[in-house]
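Shown next, in structure tokens, is the structure this report addresses.
Given the structure is predicted, the values throughout are model-derived calculations rather than measurements. Residue numbering restarts at 1 for every chain, and letters A, B, ... go by the order of the sequence lines.
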Amino acid sequence: MLDLKLLRDEPQRLAENLEHRRAQIFDDLPTSEGGWAQATIDRIAALDARYRDVLAEGERVRHAQKETSEAMRDVGKLPKPEQAAARAPLVEKGRELRDRERELTTEAETLQLERDEAFARLPNLTHPDSPRGHTDDDHRELRKWGTPRDFAAEGFEPKDHLQLAEALDIVDFAAGAKVTGNKFYYLKHGAVLLDLALQRFAIDVAQKHGFALHITPDLARVEMLQGLGFNPRGESTQVYSVERSDLCLVGTAEITLGGMLADAIVEPSELPLLLCGLSHCFRTEAGAAGQESRGLYRVHQFTKVELFAFVEGDLQVSETMHARFLDIEEEIFQALELPYRVLDIASGDLGGPAYRKYDIEAWMPGRGAYGEVTSTSNCTDYQARRLRIRHRTYDGDGGSKGKNRFCHMLNGTAVATSRALVAIFENHQQADGSIAIPKVLQGFAGIERISPRT
RNA sequence: GGAGGAGUGGCCGAGCGGUCGAAGGCGGCGGACUUGAAAUCCGUUGUGGCGGCAACGUCACCCAGGGUUCGAAUCCCUGCUCCUCCGCCA
């Protein structure tokens with residue numbers, strides 16, 4: 001959620017940002033129509049103005065109520081015979097005020113709800129350097145690392161990860177489909193060791209960089225999802241809900257890590273707070289049928305080691321941390337010996353909470369293209385505002401207390417095992433159909449290669 | 001799953017339906033005393049909304065949501081969380 005001050009003081013800035021983000025808020029103001037962004041902001045601003053009027057009126061009435069009730073208290077000091085007569089008009093007035101106050105409160109709540117529903121859907125502001133646009137071509141490639149293998153020179157045709165997995169009998173989609181459903185799978189044999197080794201390695205790197213290790217719940221309250229900017233409801237939701245409860249399966253440990261500090265006010269000395277979380281991730285992938293749907297690339301469940309940070313509510317600080325997150329992600333994929341490129345994601349593809357987002361795409365020989373393997377976002381104070389996560393400030397050197405500020409929050413993938421498996425299978429396949437385990441994982445996996453079972 | 005008990009400020013803890021945003025203690029911060037520290041003493045110390053350049057004013061918040069009442073931290077209902085006992089179990 002954004003700061004309401006922006007709506008009141010700089011509505012044109014919000015309209016401009018909304019235009020770049022291409023986020024439709026109202027059904028009757030589609031992004032295809034000219035001036036939709038400005039009209040959207042105008043409508044929310046009008047709601048806010050009405051809300052504040054009603055709120056102020058309600059407060060005046062409540063103040064009058066207090067006065068009446070204080071007068072009633074003094075009635076008790078009068079001589080007994082006079083009390084009843086003095087009390088009657090006050091009771092009458094109190095009743096009127098009560099009724100009026102209830103009306104106004106109800107109206108204010110309705111207006112506030114209406115305003116917040118729309119306002120909370122407005123996306124975060126956008127980093128000035130983020131490329132503007134809303135297609136895949138609009139992302140800016142920052143750099144490439146590594147060189148894709150020349151399989152022709154090595155004298156064999158590379159297989160895609162699915163062919164490799166089937167031949168090696170290390171992933172079973174048929175059983176996954178039978179027992180659970182399409183896009184579920186069993187990992188088997190060497191893939192299990194490799195998956196666990198990836199987790200273990202990523203955790204190692206995170207710990208080395210000062211992240212506190214966590215294994216988080218795989219479910220979270222709807223309220224937490226919303227606080228972090230996820231929308232658990234609606235047809236196009238990516239989120240699985242648990243029936244007869246207010247719980248959802250998490251799509252990422254970002255939710256469970258970010259939610260940990262909800263409602264907290266932390267001391268600046270505790271920042272930056274670096275957390276690493278291991279969790280399963282569940283995604284409905286609604287509407288994703290057809291596209292890149294083969295194999296492990298897009299599945300309903302995978303395991304992920306997530307990096308998360310709470311930092312001071314200061315852009316310079318969070319941007320520095322964001323660069324650090326990207327560094328760590330690159331360190332991991334370099335260690336895995338996977339060629340990749342880094343993208344600065346375009347405004348229209350950022351997702352609500354993100355102020356800026358970098359994706360790492362690993363080379364995937366099977367599809368002859370780069371495919372997303374990590375993503376790191378600086379969400380600034382967008383999530384913190386909704387979750388009420390603040391830190392204290394002090395003026396000068398250990399000086400007096402200043403105003404509490406919302407923390408900035410960042411998240412990033414250390415490793416999502418399913419996608420990493422795709423990249424490792426395909427990049428490290430050998431002419432004989434086996435898969436070489438990257439050196440950094442061999443100790444954790446206990447094997448050096450996944451070979452056909454005999 | 002069954003039976004009881006409890007949820008108040010950073011923590012502990014008091015609170016006849018009106019004078020309670022809330023006693024007291026601890027902790028924190030500032031100061032006095034001290035060569036320094038401890039001890040002692042004095043003062044101070046919750047979060048947010050709205051209005052205002054500001055001083056300041058005002059409203060809300062005693063787990064959450066409803067209700068009773070002129071008036072609720074205090075009474076009633078529901079939910080959530082925690083504790084104890086029993087059952088079951090990785």
Pair partner, B:rU47 [Watson-Crick or wobble, under 3.5 Å]: B:rA60
Between B:rG10 and B:rG51 - P atom distance, rounded Å: 26 Å
Does the structure place the NZ or CZ of A:R419 under 6.0 Å from the centre of the six-membered ring of A:F302, at an angle of no more than 45° from the ring's axis? no
Residue matched to B:rA38 through Watson-Crick or wobble contacts both under 3.5 angstrom: none
Can you give one letter per nucleotide of nucleotides 58-71 of chain B, 5' to 3': B if a protein heavy atom sits under 4.0 Å from the base, S if only from the sugar-phosphate, - if neither? SSS-------SBBS
Does A:R8 put a side-chain nitrogen or oxygen below 4.0 Å from OP1 or OP2 of B:rC50? yes
Looking at B:rC82, which nucleotide sits across from it as a Watson-Crick or G-U wobble partner, both distances under 3.5 angstrom, or is there none? B:rG5
Could you check if a side-chain atom of A:V179 sits within less than 4.5 angstrom of a side-chain atom of A:Y186, using non-hydrogen atoms only? yes
Taking atom C1' in both B:rG9 and B:rG5, what distance in whole Å separates the two? 24 Å
Please tell me if A:R392 has a side-chain N or O lying less than 4.0 Å from either OP1 or OP2 of B:rG28. no
Rounding to an integer number of angstrom, what distance separates B:rG18 and B:rG24 when you compare their C1' atoms? 23 Å
Indicate the ring-plane relationship of A:H300 and A:Y240, choosing parallel, tilted or perpendicular according to the 30° and 60° boundaries. perpendicular
Nearest-angstrom distance, P atom, B:rG30 to B:rC80: 45 Å
Using heavy-atom distances to pick each residue's nearest nucleotide on RNA chain B, tell me which of A:I265 and A:R221 is more 5'. A:I265
Should B:rG18 form a Watson-Crick or G-U wobble pair with both distances under 3.5 Å, which nucleotide is its partner? B:rC70
Base paired to B:rC33 (Watson-Crick or G-U; both N/O distances under 3.5 angstrom): none
